[in-house]
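The next block holds one structure in the form of structure tokens; read it before the comments.
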Amino acid sequence: MKNLKNALLLKQLYQLKNLGYKYTSVSIFKEDELDLTLPNTLESLEKQAKECHLCELSKSRQKVAFGEGSMRADVMIVGDAPSSTDDSSGKVFTGRSGELLTKMLENVLGLSRNDVYMTNVLKCRALDTQSPSPAFAHTCHPYLLKQIELIQPKIIIAFGEMAYQYLTGDDSLMVDVRGAVHEKDGYKVIATYHPNYLLRNPSAKKEVFEDLKKVKVLLSTM
Ligand code: SF4
């Protein structure tokens, strides 16, 4: 929550700067003036995210792609950032990579998009989609943590290295952790390749198939 607090403080300082202030002390802000709490329902959390201007991505986004799916999902899907089609639609995992993800979920796990909950580490599109600034992800992270807290999934599939690293706090590379089960408080995280990667490297579909089969086995034992 420290990241969110710092971002809120920064936002307030920008507002003062726009009003003409040249110097101030952070001590002028009382702790209770900073709204550090996030809502306890997904609907309210989504509403807050859709009005969020805590990082620079709010300037270039078209729509906030907050997340969608079952609020009681056992399986949560987390990717890195919205695509250009996500940005224009406000949905997540759209376009060709979304179609591929949908097929994989149906064919391997026997689950539809409505059976799982899908979101990204970042809720707004990063113009540099290959390597968005870690500062954006740090600022946005409380939204993801709150989504996990509210949905309480049994398994989170981290699609891509960035998602894995933010979910686990482990800086390992995808090649070293792909398919391994990472235990978190109350749920498991399994990392695999992002559907976007599979579109560029179709031969890696075999590995993702194996990882999703592992998810299926885990689900059957829970
Ligand atoms: S990326 Fe996250 S923190 Fe940044 S403006 Fe969008 S919702 Fe807010």
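Atoms within a ligand are numbered from 1 in the order they appear, just like the ligands themselves.
Under the 6.0 Å cut-off for aromatic ring centres, Phe93 and His194 qualify, their centroids lying closer than that.
Atom 2 (Fe) of ligand 1 lies under 2.8 Å from an N, O or S atom belonging to Cys140. The nearest N, O or S atom of Cys52 is closer to atom 8 (Fe) of ligand 1 than 2.8 Å.
Asp170 and Ser172 are linked by a side-chain donor-acceptor pair at a separation below 3.5 angstrom, with hydrogens and angles left out of the test. Tyr117 and Gln147 share a donor-acceptor pair across their side chains, judged by distance under 3.5 Å alone. Remark: the Ser84 side chain and the Asp87 side chain contain no N/O donor-acceptor pair separated by less than 3.5 Å.
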Exercise. Determine, stepwise, if the pair Glu210 / Lys206 fulfils salt bridge (Lys or Arg N to Asp or Glu O under 4.0 Å).
Key: CA-CA 6 Å; Glu210 286 167 8; Lys206 185 171 171 288; 3.2 Å; yes
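What sits closest to atom 6 (Fe) of ligand 1 on the protein, heavy atoms only, is Cys124 SG, 2.3 Å. Closest to atom 4 (Fe) of ligand 1 among all protein heavy atoms lies Cys55 SG, 2.3 Å.
Interface of Arg61 with ligand 1, defined as ligand atoms under 4.0 Å from a residue heavy atom, comprises 5 (S), 6 (Fe).
Not a single heavy atom of Glu56 sits under 4.0 Å from any atom of ligand 1.
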